[in-house]
Amino acid sequence: MSKVQKAALSTRAIHGHSARDAHGSPHIPIYNTTTFAFPSTADLLDVVDGRKPGSLYTRYGLNPSIFALEETLAGLENAEMAWAFCSGMAAETALFLTHGREGVVCIGDAYGGTLELLASQLPLLGIKTHLILGSEIDRLDALLAEGAKLVFFETPTNPTLELLDIRAIAAIAHAHGAKVAVDNTFASPVNQRPLELGADFVVHSATKYLGGHSDLTAGTLMGCKADLMPVWNWRKNLGSMIAPETASLLSRSLRTLVVRVQQQNATAQTVAEAMLKHPKIARVYYPGLPEFPGHALACEQMHGFGGMVSIDIKGTGDDATRVADRLRLFALAPSLGGAESLVTQPCTTTHHGLTQEERQRRGISDAMLRLSVGLEDAADLIADLEQALG
Ligand SMILES: *Cc1c(COP(=O)(O)O)cnc(C)c1O
């Protein structure tokens with residue numbers, strides 16, 4: 001157990017693991033090692049059979065660089081345990097194959113890869129999946145009565161930043177003996193901790209805010225030990241382990257998570273307020289704006305409103321494309337959470353695969369741009385948006 005379990009988040013992000021390096025390094029170095037040697041067969045069997053903790057083989061996750069990362073990750077969400085993965089999708093796949101085999105209900109908009117996995121791929125394995133909109137939440141009860149045992153959603157969602165009520169959904173799911181998993185990638189543990197609100201699992205694409213520099217691909221799944229232990233063999237044999245180099249890089253990133261996200265919250269709020277006043281903007285989607293429909297719920301279940309802002313340009317999809325192409329500081333790239341600000345037009349990138357009717361049903365207009373607000377100066381970002389809109 002780490003020495004700082006009760007400490008505040010920023011302290012836990014830095015001192016969140018209990019391992020002590022033999023040479024006094026304050027952080028666990030990169031153990032590129034694939035296998036670890038034992039003094040005797042008896043010692044080896046103690047680790048293989050789980051009687052003693054220890055390093056054994058890196059694909060199993062039994063590696064000091066990965067242990068240190070997982071202990072820190074668990075602390076950030078107040079989870080009993082965290083498993084690290086080579087990507088966010090790997091974490092989700094292991095979750096669905098372990099706990100979703102009796103059926104998965106996905107509520108609201110989700111990451112494109114998640115929707116493809118749930119709508120097209122898991123059904124090939126005989127897994128029943130149901131994709132409902134946030135506005136169709138009254139269908140949840142009946143779908144759970146049919147036998148689905150896992151409810152999955154993001155909040156705030158991508159790209160409309162719709163807020164879903166974690167406490168209320170957990171109450172409905174638990175009444176049916178189903179478990180609840182929240183993809184907390186957009187909020188990060190700084191702004192929202194779903195396990196404290198009744199969720200059973202949290203997944204992250206650590207590629208985004210946890211990594212924070214657009215230079216690593218990783219994922220994590222967190223929850224209680226009883227729920228996570230059955231995931232272990234799936235991760236091991238799907239081979240979806242994080243590399244030690246990436247684990248170390250991600251541990252490095254976590255040490256600045258709190259200051260990064262708090263600054264991104266503040267800058268995003270300033271950018272959202274400026275866009276709200278801009279004559280060429282039809283609509284601003286940001287949970288921190290009092291006029292935003294999800295604002296009250298965001299105030300209840302979030303500690304900050306995040307770094308993601310979506311805007312509808314007054315005009316057509318082509319007009320929005322021109323604005324995106326004219327931005328200089330906001331790079332045109334489909335990701336989020338890095339130090340550099342990014343822009344995407346959902347209808348040409350993340351939601352390109354959907355028909356226009358389906359995008360409309362989901363409230364995603366062709367004139368929408370999604371901004372991931374980075375760590376640049378707010379005034380410079382607003383000036384960039386103004387020149388591109390001008
Ligand atoms: C990027 C992303 C994922 C997938 O993560 P990868 O690390 O790219 O596999 C899942 N959920 C959300 C919300 C994301 O933004």
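Because only heavy atoms are used, hydrogens play no part in the values below, and waters and symmetry mates are left out as well, while side chains stay in. Whatever order the structure lists them in is the order used to number ligands and atoms, beginning at 1.
Every side chain to side chain contact (heavy atoms under 4.5 Å, CB included) that Ser310 has, sequence neighbours left out, goes to Pro159, Leu161, Tyr285, Met368, Arg370.
Residue Asn158 places every heavy atom at 4.0 Å or more from ligand 1.
The N/O atoms of Thr114, backbone and side chain alike, include none that comes under 3.5 Å of an N/O atom in ligand 1. Residue-to-ligand polar distances keep Thr217 apart from ligand 1: every N/O pair is separated by 3.5 Å or more. Residue Gly88 has at least one nitrogen or oxygen atom sitting less than 3.5 Å from a nitrogen or oxygen atom of ligand 1, judged on distance alone.
Taking 4.0 Å as the cut-off between side-chain N and carboxylate O, Glu358 and Arg362 count as a salt-bridged pair. The residues Asp165 and Arg167 are annotated as not salt-bridged, no charged nitrogen and carboxylate oxygen being separated by less than 4.0 angstrom.
With hydrogens and angles ignored, the 3.5 Å screen pairs no side-chain donor or acceptor of Glu376 with any backbone N or O of Phe330.
Protein heavy atom nearest atom 7 (O) of ligand 1, with residue, atom name and distance: Thr207 OG1, 2.6 Å. Scanning the protein heavy atoms around atom 5 (O) of ligand 1, the nearest turns out to be Ser205 OG, 2.9 Å. Here the protein heavy atom with the shortest distance to atom 4 (C) of ligand 1 is Tyr111 CE2, 3.4 Å.
When each atom of ligand 1 is checked for a heavy atom of Glu154 under 4.0 Å away, the hits are 13 (C). Listed by number with element, the atoms of ligand 1 under 4.0 Å from a non-hydrogen atom of Asp183 are 10 (C), 11 (N), 12 (C), 13 (C). Heavy-atom proximity to Glu92, at under 4.0 Å, picks out these atoms of ligand 1: 10 (C), 11 (N).
At a heavy-atom distance under 4.0 Å, only backbone atoms of Ala218 (N, CA, C or O) approach ligand 1.
Summarising the contacts of atom 2 (C) of ligand 1 with Met89, Lys208, Met308, the nearest heavy atom is found in Lys208.
Aromatic ring centres of His204 and Tyr209: separated by at least 6.0 Å.
In this structure, the separation between CD1 on Ile14 and OG1 on Thr256 is 8.5 Å, given to the nearest 0.5 Å. Taking CG of Asp43 as the start and CZ of Arg51 as the end, the distance is 10.5 Å to the nearest 0.5 Å.
One side chain, Asn78 or Arg12, offers a donor N or O that lies under 3.5 Å from an acceptor on the other.
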